Amino acid sequence: MPELPEVETVRRALERTIKGRSIESVAVFHPRMIQGDLEHFRNLVEGRRIERLSRRGKYLLFILGEVAMLSHLRMEGKYYLKPAGTPPEKHEHVVFTFTDGWALHYHDVRKFGTFEAVPMHSLEDVPALKKLGPEPAELDLRDDVTEIFRGERPIKAILLDQTRLAGIGNIYADEILHCARIHPERPGRTLGVRLRRRVIDCAQRILAAAVQAGGSSVRSYRNTLGEDGRFERSLRVHTHEGKPCPDCQSTIRKAQISGRGTYYCPTCQRRKKG
DNA sequence: GACGCTGTTCTATT
DNA sequence: GAATAGAACAGCGT
């Protein structure tokens, strides 16, 4: 589920539903999801009020006054709000019980998700956040983005690299490259100034539209708090192997690029020029 | 039953 | 460095 638009959708849902609640206790059933010492984590988080929800790249930030709790959903993390005392289901690994009779359950079939709590004043120094590249939405099309696209790696790998741009994952990388009409294996370095701008422009437009639609729910997953993303209907190449390209009717191909399943149109996204 | 996928990212190896 | 393979884990389809 979660790339930037999905994480942003979760952030908004949590902001609507749990902002202002106070965390009475935290139950952790799978300690390795917590970065650092578990007791330290609980000491930092318990008793604090959720003042607001923020996001950086694919990280959710629970702002608890003087403490920030980072939550990364990785592949399949989801949140559900339930009455306090509801027994955790099989794949629910962390439960935040609030003082008002409700609880937030973290559900993650593959247990890849992570949590980390840090004092607010050291948030800037958290390595996970420090390494992240800029938010695509914050770039100006007039900015010099040459650095982002440097190197010989395929442009697809560059878009997936969170230190270059934050928040893009496998679905949106494919959609952005189709929008920009660039072959996913083309080395980043070979993009001229016009193509670099086109990639940023496509990234901003596609991510914004996906946020508007509440993200995508590819496969049969539902989004947090029971909300369904609608953007998967707008996907033009991702998961569309064998189907006609909406622009030129050529058959969409699937290839393995940088170790990831990659969908593209062989006609719109030629290797040579863009 | 085995194998090869899956929206992520970190670590070890080449 | 930089690119790639493997690992963390569970489920689903072939």
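Computed from a predicted structure; not experimentally measured. Here is the naming used below: chain letters follow the sequence lines, and residue numbers restart at 1 for every chain.
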SG proximity flag Cys245(A)/Cys268(A), limit 2.5 angstrom: no
Gap in Å between the two C1' atoms, one belonging to dG1(B) and one to dA8(C), rounded: 24 Å
With rounding to the closest Å, how many angstrom separate the P atoms on dG1(C) and dT9(B)? 22 Å
Checking base pairs now: Watson-Crick or wobble, both atom distances under 3.5 Å. What partners dG4(B)? dC12(C)
For Gly169(A), answer base if it contacts any base atom (sugar-phosphate contacts may also be present), sugar-phosphate if it contacts only those atoms, and nothing otherwise; contact means non-hydrogen atoms under 4.0 Å. sugar-phosphate
When you compare the side chains of Glu6(A) and Tyr172(A), does any donor N or O come within less than 3.5 Å of an acceptor on the partner? yes
Using a cut-off of less than 4.0 Å, is there contact between a side-chain N or O of Lys254(A) and OP1 or OP2 of dT6(B)? yes
Regarding the side chain of Lys58(A), the nearest nucleotide among dT8(B), dA3(C), dC9(C) is dT8(B)
Say you pick atom C1' in dA3(C) and the same atom in dT6(B); how far apart are they, in whole Å? 23 Å
Between dC9(C), dG11(C), dT9(B), which one does the side chain of Phe112(A) approach most closely? dC9(C)
Out of dT9(B), dA3(C), dC9(C), minimum distance to the side chain of Lys111(A) belongs to dC9(C)
Between dG6(C) and dC3(B) - P atom distance, rounded Å: 15 Å
Arg110(A) has a side chain; which of dT9(B), dT6(B), dT8(B) sits nearest to it? dT6(B)
Using the side-chain contact (heavy atoms from CB on, under 4.5 Å) rule, pick out the option among Tyr79(A), Phe96(A), Phe98(A), Trp102(A) that qualifies with Ile18(A). Phe98(A)
So Arg260(A), base contact, sugar-phosphate only, or nothing? Heavy-atom distance under 4.0 Å. base
Return no unless some side-chain N or O of Arg153(A) is found under 4.0 Å from OP1 or OP2 of dA3(C). yes
In whole angstroms, the gap separating C1' of dC9(C) from NZ of Lys78(A) amounts to 14 Å
Is there a donor in the side chain of His105(A) and an acceptor in the side chain of Glu92(A), or the other way round, less than 3.5 Å apart? yes
With a non-hydrogen cut-off below 4.0 angstrom, is Gly151(A) in contact with a base, only sugar-phosphate, or nothing? nothing
